[in-house]
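Only a predicted model underlies this, so the values are computations on that prediction, with no experimental measurement involved. Chain letters run A, B, ... following the sequence lines, proteins first, then strands; residues in each count from 1.
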Amino acid sequence: MSLGNRIYAELQGDRSIWMIVIVLAIFSVLAVYSATGHIAFKYREGNTEAYLVKHLFFIVGGLVLTYLCYLMHYTQYSKAAPVLLIISVPLLIYTVAFGVEVNEARRWLEIPFVGIKFQTSDIAKLALIVYVARAISSKQEYIKDFNSAFLPILVPVLIICGLIAPADLSTAIMLFLTCVLMMFLGRVSFKYILLLLFLGVVVFTFLVALGQFFPDFIRSGTWVSRLQEFMNDPDGGYQIQHAKIAIANGEFFGSGPGNSAMRNYLPAPFSDFIYSIICEEYGLFGGFIIVGLYLMFFFRCVTVVTRSPKAFGAMLVLGLGLSVTLQALANIAVSVHLVPVTGLTLPMVSMGGTSIVFSSIAFGMVLSVSRYIEKTT
Amino acid sequence: MDIKNEVLIRVYVVLVGVILFGVLLFAQTINISVRQGEKWRTIGESLYVDSIVIEAERGNILTEDGSLLATSLPFFEIRFDPNSTAMNPEDWNNNIDSLSVMLARYVNNAYTPGGMREELERARAEKERNYLIKRNATYIEKEMMSRFPLFNRGQMRGGFIVRPNPKRERPFKELAYRTVGYVRDGHLPVGLEGYYDKILRGADGKKLMFRAPSNTYIPVEDLTAIEPKRGDDIVTSIDINLQDITHDALLRGLKYHQAKHGTAVLMEVKTGKIKAIANLGKTENDGYFEIYNYAVGASTEPGSTYKLATMMALLEDDYVDLDDSIDIEKGKYTFYEEEMLDSSPESFQSDTISIRRAFEISSNVGMGKLVQKYYGDQKGGDEKYVERLKDFNLHLPTNIEIHGEAAPYIKTPYSKDDDWSGISLPWMSIGYEVRITPLQLLTLYNAVANGGRMMKPYLVTEVRSFDQTVKTFKPKVIKRKIASEQTILKVQQLLEGVVETGTANKLKTNEYKFAGKTGTAQIDYRKFRAKANIKYQASFAGYFPAENPVYSCIVVVTEPKQNGIYGGEVAGPIFREIADKAFASRHELHKAINNYRRPVLAKNKLPDFDAGQQEDIVEVLNYLDLTYENEAESEWAIIRAETDTLSILNRSISDDVVPNVVGMGLRDAMYILENRELKVVVSGSGRVRKQSIIPGTPLKGQTIRLTLN
């Protein structure tokens, strides 16, 4: 059996999603290698390969992780979810209080003795989505009931999002929205959803108010300034203008791989603004492929859902699919100046260990569901 | 509606929403890239794309043999910004001590490490942003400093500022300094650098560069880029050895006489190429330096060296001959109340002498009287004399390739503007009331040396681009014949006479003959004549070797203060020194010491009994230039030497019997014998002395033993 056939046999489940993951990974390696050129000269004396190797390590590790998650039966996740969720609460509190500060935001926790940093919000995010999927699917019979169905879902969502928000508002909002959409899909009644949205706004307002007293813990100052910048400056601030210059420089087919000029001026060109760099180097054509890949991914998730015999599988795929897709679209929306500047990464493409690890796990879980649907049908 | 369908409908709603959001994002991307594209691209360009001028490398100035007279070397100006905004205070505190030590030890010894530190702290406290560390750092120094503590953090974080500062370097230092010249901002261009600036400078390039952070420039691919064109090299006629000789001789002469300034120019007679040009002026601290190009820019009353022109005029108009007599009135004569004096002691004792002698002892009265008689007292004579001077081109500049050549000056007869007077003519005849630069006067002497053909003096022979000749400057003739052959021959005799028995006879040498004329001019003689401290300009112009002139040379020394004032004792020895050394350095000027009939070759040295192919023998004898008689008719031959002649005789080689190969070279012998199927055994080397089988023995494939000497 040839290697191709072998791989084909190994990678079951939705093969389109496999393709999407692999194409995104390739884009990621190309774009990150180019975009790290400048910081490589700044911090590593021009050793651009250092970043490439590190990134390749994460990408390959991510793909392996995807494969492992794909191998596991997805119902296993449902069992692990409540435990993870409970662990993540103290972790998040610890992070807000004593986490490692990167770029003036306390989002990171360093594993002692190993020295690897990770964003606790990513663990919490994953745990919450699995938990919500499980809760919605298991309570389908009485889903419209407030006490027995809505409350058990609502409380963890508010707690987790409320804990993520102080250091990382955009992730919190994205997670909150994902959960709200999941409830909508899971037939939770509209009035409860509206109530949830209202509660979300209340919690947010409370945090902003609290931020006045604890500016070290809650970044409300940054939120306000970014919002003001978005509202007041039609051309956008420094970052946005450079993102636009990059997109405009790319024209239709881009200036070619490695030829980005704005990577030298955009802050975090390898993560937050990687879409602009892809547009600069591969043009509108490249941008179209990136947007298309995420839409395609979500479309494939929906296809999986339609064929899913079990509610939990369907809700899990929808939750993860929404999480990845919405984050991707939100990241792109920042680059094209449709929303204020956030710190959201482009899943599977941006450089950054935790982002890639958790995107990979999400893809793996979706693939796991699709594989067992294939087996049963 | 069952649960599953209700969920699916909601899923489709969300799917449509997500797709719409995605489409919106891509539409916005198109909006930015296409609709607003021009705007953002323009902003990007205005922020980060600069049109950078790339300075072309300046061409070199070379000597005639390609040595570098002037070249551009990369130097760097190193500055320090102790208040760079990106500099970390911690970095400053941690590194300032070690940086001070390095700077004090390796860059600026004037400071102790502590003093250096204080100086840097002061610069930092006073908010300096551009503190000079070193102006002309070499590449190696620059690299070294870039590794110093703090500096190794680069411009932004380390405040280490490097600016290219290419420097014009002259490997031969002050040799021909003024003639090579310079181009500097705020100064008039000087010398060849100035004259050929356009060629040397090349063309600056222009390039669009993307400005990356910390002011690094990355070239943008762009069709409008203009590559800088390196300046072309110019090859001068300067011979650096002759220049060295000339400079050195002039310098020593000036020092010996403590003169104000002086110049010496050496020109190649046939071409007008300037082989050496030295200009030295006394500096404030009593040294001498090339501060002005006196040879080109200083137009003065030349004095007696001008008498050459006077004699040429008299001879050309056929008024006199060399052996005609003239009464020099014991060296004192009055023209219209103005007294003219000679300076040679011989003049004071002589009255009627030959014109030749009058020239040789440089009698002013003699020349003055002759000119007064044949031109001044004749109708239209003044104009005729001036016209003659113009025939010798004494009224036109040489147009040498150096800016600022002073034009010669000759008065127009009867012109009020020129202050023409009755005594103008006699005084002009002895080199006053006219002005001329040393180079212009040398051009006349050179023409005389060149048999009347006047060559344009020039300095640059070639323009080269990357070692390829792009333009050649050929010698130019100003005037094919400035005077008749007769006149030229006669004045050549006169100039030789000056050295043989005249005012320069002390300079005479037996090594070679040279010709020339001394000159001792009083500077501003009218103004100073009443006073005691008359200033002089001593000069000597001439050429050598006299019989077949190769170089002409002029030496002018202005205001000698000690050890003599006369041309023959001040300028003449400098001329001699230049001529001696130039002569010694050019062996082709020397007479061959063995240039007589070669002795007849002794008989025992002549080739005798050498045999071989007739053709070869003839060729060798011809090559050796030996006379011979060829009586041979066969292919093979032998040489016989008589007492004083050589003859080539037949050597018969038969095909049927063992031939005689004695006297032949081994190659010929082998060829002959082996073609006759004999086996050859050889011993020794050289020519065949003996053969073991007697010639004439029938051939049977025997083995023949040859003994060579």
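In this structure, G287(A) and F26(B) approach most closely via the heavy-atom pair C-CE1, 3.8 Å. For W40(B) against A248(A), the heavy-atom pair with the smallest separation is CB-CB, 3.5 Å.
Only the side chain of L181(A) has a heavy atom closer than 4.5 Å to any heavy atom of chain B. Both the backbone and the side chain of L329(A) come within less than 4.5 Å of a heavy atom of chain B. For a residue to count as touching a neighbouring chain, one of its non-hydrogen atoms must lie under 4.5 Å from one of that chain's; by this rule I290(A) does not touch chain B. Using a 4.5 Å cut-off between heavy atoms, L295(A) touches chain B through its side chain atoms alone. Using a 4.5 Å cut-off between heavy atoms, L8(B) touches chain A through its side chain atoms alone.
Going from atom CG of L25(B) over to atom CD1 of I332(A) covers 6.0 Å, rounded to the nearest 0.5 Å. Rounding to the nearest 0.5 angstrom, the gap separating the SG atom in C279(A) from the CD1 atom in I30(B) is 10.0 Å. Taking OG of S33(B) as the reference point, atom CG of L284(A) lies at 4.0 Å (rounded to 0.5 Å).
Looking at T29(B) and Y275(A), their side chains come closer than 4.5 Å, going by heavy atoms from C-beta outward. With contacts defined as side-chain heavy-atom distances shorter than 4.5 Å, the pair L15(B)/F298(A) qualifies. Within the 4.5 Å cutoff, side-chain heavy atoms of V34(B) are placed close to those of F252(A). Put simply, the side chain of N249(A) reaches to within 4.5 Å of the side chain of R41(B), judged on heavy atoms.
Among the candidates V291(A), L318(A), T306(A), the residue making the largest number of heavy-atom pairs closer than 4.5 Å to chain B is T306(A). If you tally non-hydrogen atom pairs under 4.5 Å between each of V305(A), V302(A), I245(A), L322(A) and chain B, the highest count goes to I245(A). The most heavy-atom pairs under 4.5 Å with chain B, out of H337(A), E251(A), H242(A), come from E251(A). The most heavy-atom pairs under 4.5 Å with chain B, out of T325(A), L326(A), L185(A), come from L185(A).
Counting non-hydrogen atoms of neighbouring residues, nucleotides and ligands closer than 6.0 angstrom, the CD atom of E118(B) reaches no more than 12 such neighbours. With a 6.0 Å radius and a threshold of 12 heavy atoms from other residues, nucleotides or ligands, M296(A) has its CE atom at or below the threshold. Heavy-atom contacts from other residues, nucleotides or ligands closer than 6.0 Å to CZ of R35(B) number 12 or fewer. Within a 6.0 Å radius of CZ in R79(B), more than 12 heavy atoms belonging to other residues, nucleotides or ligands are found. The local environment of CG in L20(B) is crowded, with over 12 non-hydrogen atoms from other residues, nucleotides or ligands closer than 6.0 Å.
Using modelled atom types, no side-chain atom of R187(A) and backbone atom of V7(B) make a donor-acceptor pair closer than 3.5 Å.
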